[in-house]
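When reading the values below, keep in mind they use all heavy atoms of this one structure, side chains included, and skip hydrogens, waters and symmetry mates. Order of listing sets the numbers, starting from 1, for every ligand and every atom in it.
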Amino acid sequence: MTTLRTRDTASLTEAEAAEELAALSVEIAHHDALYHGRDAPEISDAAYDALVARNRAIEARFPALVRADSPSRRVGAATAEGFAKSRHGEPMLSLNNVFSQTEFGEFCASIRRFLGLSAEDPLRFVAEPKIDGLSINLLYEDGAFIKGATRGDGIEGEDVTQNLLTIADLPKRLHAPFPARIEIRGEVFMDKADFLAFRTAQEQAAAEREQRRARGEKLGDAVVVPANPRNAAAGSVRQLDARITASRPLKLFAYAMGASSEPPAESHHAFLQRLQHWGFAVNPLSTLLDTEADAEAFQRRIGDQRAALGYDIDGVVYKLDRLDWQRRLGFVGRAPRWATAWKFPAEQATTVLLDIEIQVGRTGALTPRAVMQPVTVGGVVVRHATLHNEDEIARKDIRIGDTVRIQRAGDVIPQVVEVLPDKRPPGAQPFAFPTACPVCGSHAIRDGEDVVRRCTGGLVCPAQAVERLKHFASRRAMDIEGLGEENIQKLFDEGLVRSPADIFRLAHHAERMRQWEGWGARSKKSDEARKVAKLLEAIETRRSVPLERFIFALGIRRIGEQNAKLLARHYHTLEEWRAKMVAAHVIGSEAREELGSIQGIGPAIAEELVEFFAEPRALAALDDLAREAPPLPAESTAAADSPFAGKTLVFTGTLETLTRDEAEAQAERLGAKVTKSVSKKTDFVVVGADAGSKATKAAELGLRILTEAEYRDLAGL
Ligand SMILES: [Zn+2]
């Protein structure tokens, strides 16, 4: 197809220039499509560049001849930062929905009212199956495809021109005659069969990537396994590399227009015919209905065909056929008054529940999942459904062996709607939700209102290990430099680090670590050669951190930095804290009372701590860590001569010169432990105005009672 043009541009006549520019436009577009597509380019980069340069030279001499579809004007190449924004000539609107014959009747009545029509005037509609894909806006000038954009926010989308050029259904040029400038709207989608094959390939790629991760090899790009055809289509169009889009089996139906330099037709059905004439694919099921009464039968017919269609649809769009009426009706908000989407009910199917699996998430949450006899729902084979949580299973009384009705709505994971009680096999037992983690065997508990049951084996549970280790090493916790997410994953996958204590034993494995790609002593890059040494040095410097950091690093639920600080100040040493936490397991014990009396430590936090220490595996991991990396006792910030250093103090009643919070913070700075309740272990009780039972109890126990003035005096305030 390439023609060698050697004539000097200076000798071209205007007519010859116009002819050559037209040829160049087609030719360069052809090579662009090959370059971005799957097929091998037909010409070398240098030859391509020569064509572009020739085009530019002719345009420079004849600026009036620059074509709308000139390669020099073609925009939309994605940058590394993402896509350029593109403003639609006319906004891309959304549709209102109806779900029943009654609602559709109301929609028709509102059109009649607005236009002042009588009940006898028939409303002609064009009915079009509503495909679940990605809506796009295509700009054509002088019949040439100029630019294409996603819907975005309706006003402005992303310029995906280069990617759309790879879709075979998209006409690069329209068959004449056509308006000088027109926006065409359509839907990019993936067939069900193509989607299933694509998804299987992506699953395979994801599994291979996991194996590479396990072997510590280079991972390459992330692999997305799309949940449904719509996600697959949208993800494919929004690729920064158009070659990836080209490799995806995408289709396009056109169905509407945006801005146009002239009215392209009298009616919507005539417009659809023009779309086909121009070269677009139009959904062959689109039908002109003579009256609105035909809509119900059409809806039912398409509903019956739905599962057998090659693509996913979620309803039928009904558009008023007369364009002059469309213009009069206009828009309300962001939706047209002259069209509506009549949605199908969610797709359902019945199948047998074979098992209930419990998955453990990275945060320790136990999530139940239904394992079912495979069943086709809306063209997609479904084997699993979400059961949400323990309460949901109990509420619906879902038992293994039950026949269940499942539902798939849009991109939502299938869910179990209900059990069919007549089909329950004899002897089916209510499901007993496990109280131990299926991964590590630790207690799994629910606290308070929380519907989620969680594994308490954070330090030892493999399901949570990487997440916990990341937290442990993070800047605000142990702050180990060079131990970020990627390295932790690697160390975990290699089996060198399974618990926090293992980090401090890594020096034993230095030789092995140096063998890894990118970690090695043989690496020519100096930063890589030193990587293992630097990491081990960083670990050494963090072998002893203040107790509060150590506590926070354990990642006990609800124990953030603030609570870790409170605990460290109160208990001072790890040994003391550990002993008291274990003892606090007994409700009503002195240790439990003491824990509950710490300002800022509420019952839910106390419960969380007690659960952690009640788990033998967690305790073993903690002791292991304490041997490797014993924390420093909490600093007693108090001046050594403060009379309150190490003393237990209770405030009661209203203070005059300080708020309660200020007073407590002040006392803690002086080294006191501030508690809420009075016991014989209390050293001082500071009594303000209107002190109640605490003052009485202090007097009974013969404790030292201070007035606010006396306290200020002693504290040196
Ligand atoms: Zn676990």
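- Atom CD of Glu485 is surrounded by 12 or fewer heavy atoms from other residues, nucleotides or ligands within 6.0 Å.
- Contact check on Glu494 versus Arg512 returns a salt bridge, with a Lys/Arg side-chain nitrogen under 4.0 Å from an Asp/Glu carboxylate oxygen.
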Distance-only donor-acceptor hits, side chain of residues 604-614, under 3.5 Å, sequence neighbours excluded:
| from | atom 1 | to | atom 2 | distance (Å) |
| --- | --- | --- | --- | --- |
| Glu607 | OE1 | Arg592 | NH2 | 3.2 |
| Glu608 | OE1 | Arg558 | NE | 3.4 |

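- Under a 4.0 Å N-O distance rule, the pair Arg505/Asp502 qualifies as a salt bridge.
- The existence of a salt bridge linking Glu418 and Lys396 is excluded, since no basic side-chain nitrogen approaches an acidic carboxylate oxygen closer than 4.0 Å.
- Around the Zn ion (ligand 1), the protein atoms of type N, O or S found under 2.8 Å away are Cys437 SG, Cys440 SG, Cys455 SG, Cys461 SG, listed by chain and number.
- In this structure a side-chain-to-backbone donor-acceptor pair under 3.5 Å is present from Thr351 to Gln373.
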